[in-house]
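Because the structure is a prediction, the values reported are computed rather than measured.
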Amino acid sequence: MKAKIIIIFLALSLMTTLGGCEFESSDNGDLDGMWHLERVDTLGHGSLNYKEKHLYWSFQNNLMQTNNTEKAEFFIYRFSHVGDSLIITEPRISDRDLGDTLLIDISPISKYGINSTRESFYIERLNGSDLVLDNKWLRLVFRKF
């Protein structure tokens, strides 16, 4: 009898604990994860090879991060991924101690191919290993890291 009561108590405790949890999931599909920026094509004006540079974009839920692992430089953004569209907004310096300051001067993030505080890209290709983004001026080529 005591064993039954203990099992029922444990089961109720487990259900109560799990019932209070929210599991966040993402419907970003292949976009989620870390991407190495390998090339930036200035449409009609040439190409910059970034294969040897350590510039990365990372996606999870509705947050994006760009970082340069050589300089320990991190920026965070909000993003929206709907169909073949990627919209990046609210660039911030990633610094939890200072409150993730909103960027006004976007020059520090231009090397990542982001040239405004609201950037819209067309997703030309997205699969488990390749990502290609286009806007009016640039084509960004990534490889999954």
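- Contacts classified as ring-ring contact (aromatic ring centres under 6.0 Å, His included) and involving residues 122-145 (residues at least two apart or in different chains) are given here: Tyr56-Phe145, Trp57-Phe142.
- Side-chain N or O atoms of Lys51 include none that pairs as donor or acceptor with a backbone N or O of Leu37 at under 3.5 Å.
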Report task. Give the C-alpha distance, both sets of side-chain angles, the deciding distance and a yes or no for side-chain hydrogen bond (donor to acceptor under 3.5 Å, both in side chains) between Ser47 and Asn49. Result -> CA-CA 6 Å; Ser47 183; Asn49 183 345; over 6 Å; no
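- Asn62 contributes atom CG, which lies 5.0 Å from atom CZ of Arg78 (distance to the nearest 0.5 angstrom).
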Requested in this report: Could you give me the CA-CA distance, side-chain angles and deciding distance for Ile104 and Thr117, then say whether side-chain contact (heavy atoms from CB on, under 4.5 Å) is met?
Outcome: CA-CA 8 Å; Ile104 308 254; Thr117 57; over 6 Å; no
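- Shown here for Met34 and Asn67, the closest heavy-atom pair between the two residues is CE-OD1, 4.1 Å.
- Proximity of a side-chain donor or acceptor of Ser110 to a complementary backbone N or O of Ile114 within less than 3.5 Å is not detected.
- Under the side-chain contact (heavy atoms from CB on, under 4.5 Å) test applied with Ile76, the options Leu63, Asp100, Thr66 reduce to a single match, Asp100.
- Put simply, CG on Leu131 and NE2 on His36 are 13.0 Å apart, with the number rounded to the nearest 0.5 Å.
- Within the 3.5 Å criterion, the main-chain N or O of Ile123 finds no donor-acceptor partner in the side chain of Asp134.
- One distance of note links OG1 of Thr101 with CG of Leu103; it measures 8.5 Å at 0.5 Å rounding.
- Screening residues 72-99 for ring-ring contact (aromatic ring centres under 6.0 Å, His included), with sequence neighbours left out, gives Phe59-Phe79.
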Query raised in the report: Do Glu119 and Phe121 pass the side-chain contact (heavy atoms from CB on, under 4.5 Å) test, and can you show the C-alpha distance, the side-chain angles, and the key distance before you say yes or no?
Result: CA-CA 7 Å; Glu119 192 76 71; Phe121 290 98; 3.2 Å; yes
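- In terms of modelled atom types and a separation under 3.5 Å, the side chain of Asn135 and the main chain of Leu138 share a donor-acceptor contact.
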Report task. Report the C-alpha separation of Ile87 and Arg118 in whole Å, then their side-chain angles, then the decisive distance to 0.1 Å, and conclude whether the side-chain contact (heavy atoms from CB on, under 4.5 Å) test is met. Result -> CA-CA 7 Å; Ile87 300 170; Arg118 180 182 169 85; 3.7 Å; yes
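- Counting all heavy atoms, side chain and backbone alike, Leu31 lies closest to Leu86 at CD2-CD1, 4.1 Å.
- The structure places CG of Asp30 at 6.0 Å from NZ of Lys144, a figure rounded to the nearest 0.5 Å.
- Between Val132 and Arg139 there is a side-chain heavy-atom pair separated by less than 4.5 Å.
- In terms of modelled atom types and a separation under 3.5 Å, the side chain of Glu73 and the main chain of Thr69 share no donor-acceptor contact.
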Report task. Could you please spell out the steps behind the side-chain contact (heavy atoms from CB on, under 4.5 Å) verdict for Tyr112 and Asn68? Result -> CA-CA 9 Å; Tyr112 299 99; Asn68 179 342; 3.3 Å; yes
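- Looking at Arg143 and Asp130, a side-chain N of the basic residue comes within less than 4.0 Å of a carboxylate O on the acidic one, giving a salt bridge.
- No single ILVMFWY cluster, assembled from side-chain heavy atoms under 4.5 Å apart, contains both Met64 and Val141.
- The distance from atom CD1 of Ile93 to atom CG of Leu98, rounded to the nearest 0.5 Å, is 9.0 Å.
- How far CD1 of Ile109 is from OG of Ser116: 8.0 Å, rounded to the nearest 0.5 Å.
- The environment of NZ in Lys111 is crowded: more than 12 heavy-atom neighbours from other residues, nucleotides or ligands sit within 6.0 Å.
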